[in-house]
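First up is the structure itself, then whatever we jot down about it.
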Amino acid sequence: MRRRCVLGLALVVAAIFAVVQARPALAYEIDTRDTSANRSRTFKAFEDDIGTIFEIFFTTTTPNEQRRIRGLLKMVMPSTASDVMLVSRHTIFCAPAGSTAIDNQIFGVQNVLRGGSIRMTPRYIFTAAEPGDYHCWMGISTGRPRPTATNQTSNILKVARGSYLEATTAIHSSSAQGFAPKEPSPVFGGGKAYDAAVLTWTAPADVSTIAVSGDAYLTTCTAVGGSWDPLLDPVVDPITGRHLCTRTDVNKAGTTVITRLVVGQRNTAGTGYCRLTHFPSASGRQTLITRDVHHVVLFQSGAITISTAPDCSRDFKIKVYVKHVSGADLIVHKQGTITAVIPPAPAVMMSRPVDS
């Protein structure tokens with residue numbers, strides 16, 4: 001009996017060891033991460049404060065090497081602030097080290113309510129055209145979305161501990177993203193739907209699983225304009241320079257919207273799909289964007305196994321489906337709406353998943 005128990009224990013230990021040693025299906029090591037603020041974690045929103053909060057450096061060794069750049073920004077508005085809400089804007093930039101030329105800026109904006117907080121997880125794929133040293137940084141700007149003649153010094157925002165900016169090691173060479181920041185942003189209502197950040201992608205023969213993500217940066221037309229500075233106002237399109245909301249669009253009740261990440265594997269006949277996968281679900285997520293919140297970035301991601309059924313090709317169409325349900329017209333900002341597909345890392349020990 002003792003020998004049988006010892007043998008059973010050994011098998012259990014071996015099984016646990018095998019699980020511990022197993023590589024997560026879609027994982028990449030973290031090359032570099034910055035968690036310590038480059039400046040004070042307190043931003044004086046009453047002065048329209050702005051600054052770089054995190055910065056990372058890494059070296060690429062092959063042409064067109066791709067890295068997954070990810071951030072976590074937890075912003076808090078104290079309950080002692082005089083205003084009901086303050087605006088928090090973040091941007092991630094990347095450039096060759098020592099250069100001011102920037103690439104692949106990803107934007108996001110949300111108002112923080114008094115005594116509350118927001119949690120933003122921006123992410124995108126950065127491609128380094130040439131081998132060399134690169135750096136990325138997260139910039140933050142703040143302010144009062146409803147201008148006033150008085151500056152209340154209690155109007156501050158704080159970057160909470162646990163926020164960071166990081167870059168993974170080099171990701172699979174076939175990784176791709178749907179991102180069109182240089183295109184005007186659409187505005188629509190009336191129950192219409194919009195396919196955002198559409199990405200067509202073909203899976204390499206040796207890839208059986210993929211990680212996918214789709215993030216939608218949205219604004220409700222509860223006002224024609226917000227910020228005192230048009231350059232910082234998300235309701236002003238950075239491509240056309242025009243206000244995206246008109247007075248006829250305005251509805252102070254806000255907007256109800258449905259979003260979902262859709263991953264379609266096309267059939268071999270080229271007439272449609274052999275398989276559709278949705279995140280978080282086929283019905284999507286319903287969100288009310290209120291007048292006070294005004295802007296949101298909705299983050300959606302997951303992992304799927306590529307079907308090998310005879311009627312399935314290896315071609316995919318990935319998008320963020322955005323449907324206006326009711327209320328004010330809706331803006332889908334091209335500068336922060338993005339999809340991505342990333343095959344798994346090589347079979348070596350990894351530290352954490354591609355997206356969390």
Side-chain angles (χ1 to χ4, degrees), residues 22-31 60-70 104 106 121-129 167-181 194-216 259-282 284 298-322 337-356:
R23 178 181 61 88
L26 298 165
Y28 286 89
E29 288 182 340
I30 305 306
D31 185 344
T60 64
T61 58
T62 58
N64 297 314
E65 186 173 303
Q66 297 189 111
R67 301 295 183 100
R68 187 65 156 160
I69 310 298
R70 303 181 294 214
N104 282 30
I106 186 82
T121 55
R123 52 195 174 182
Y124 74 96
I125 297 171
F126 170 69
T127 302
T168 67
T169 52
I171 60 177
H172 197 285
S173 60
S174 72
S175 300
Q177 63 189 9
F179 187 39
Y194 179 74
D195 291 342
V198 178
L199 169 65
T200 57
W201 181 79
T202 300
D206 61 342
V207 171
S208 60
T209 55
I210 53 176
V212 289
S213 66
D215 307 327
T259 57
R260 62 177 177 264
L261 172 62
V262 183
V263 183
Q265 185 172 354
R266 300 195 66 85
N267 60 31
T268 53
T271 57
Y273 301 98
C274 69
R275 182 186 182 192
L276 282 171
T277 307
H278 306 87
F279 300 98
S281 66
L298 301 177
F299 303 95
Q300 296 141 134
S301 61
I304 66 171
T305 299
I306 297 173
S307 175
T308 57
D311 64 331
C312 286
S313 74
R314 298 190 67 79
D315 296 330
F316 286 80
K317 183 177 181 180
I318 300 164
K319 65 183 181 182
V320 180
Y321 173 84
V322 181
T337 298
I338 188 169
T339 54
V341 56
I342 305 174
V348 295
M349 288 301 295
M350 297 296 168
S351 60
R352 58 171 292 180
V354 169
D355 289 304
S356 56

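Predicted model only: the values in this text are computed from it and were never measured.
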Could you report the tightest heavy-atom contact between [X] and [Y], atom names first, then the distance?
| X | Y | result |
| --- | --- | --- |
| A197 | T339 | O-OG1, 2.7 Å |
| G284 | R260 | CA-CB, 3.7 Å |
| V322 | A196 | CG2-CB, 4.4 Å |
| I210 | V212 | CD1-CG1, 4.0 Å |
| F179 | T337 | CD1-O, 3.6 Å |
| A176 | I125 | O-CD1, 3.5 Å |

Would the distance check show the side chain of [X] and the main-chain N or O of [Y] forming a donor-acceptor pair, the cut-off being under 3.5 Å?
| X | Y | answer |
| --- | --- | --- |
| R314 | V207 | yes |
| Q300 | S213 | no |
| W201 | S174 | yes |

For the [atom1] atom of [X] and the [atom2] atom of [Y], what is their distance to the nearest 0.5 Å?
| X | Y | atom1 | atom2 | answer |
| --- | --- | --- | --- | --- |
| Q66 | T60 | CD | OG1 | 11.5 Å |
| T271 | D311 | OG1 | CG | 9.5 Å |
| H278 | I304 | NE2 | CD1 | 11.0 Å |
| F299 | D215 | CZ | CG | 5.5 Å |

Any side-chain donor paired with an acceptor under 3.5 Å for [X] and [Y]?
| X | Y | answer |
| --- | --- | --- |
| Q265 | S313 | no |
| R275 | T305 | no |
| D315 | T202 | yes |

For K317 and V198, what are the C-alpha separation, side-chain angles and deciding distance, and is it a side-chain contact (heavy atoms from CB on, under 4.5 Å)? CA-CA 7 Å; K317 183 177 181 180; V198 178; 3.6 Å; yes
Worked verdict on F316 versus V263 for side-chain contact (heavy atoms from CB on, under 4.5 Å): CA-CA 7 Å; F316 286 80; V263 183; 3.9 Å; yes
Tell me, do [X] and [Y] make a side-chain contact under 4.5 Å, heavy atoms counted?
| X | Y | value |
| --- | --- | --- |
| S301 | R123 | yes |
| I338 | I106 | yes |
| Y28 | R68 | no |

L261 and I318: side-chain contact (heavy atoms from CB on, under 4.5 Å), yes or no, with the steps? CA-CA 7 Å; L261 172 62; I318 300 164; 3.9 Å; yes
Taking the six-membered ring of F126, is NZ or CZ of R67 closer than 6.0 Å to its centre and within 45° of its axis?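 Checked: cation-pi criterion not met.
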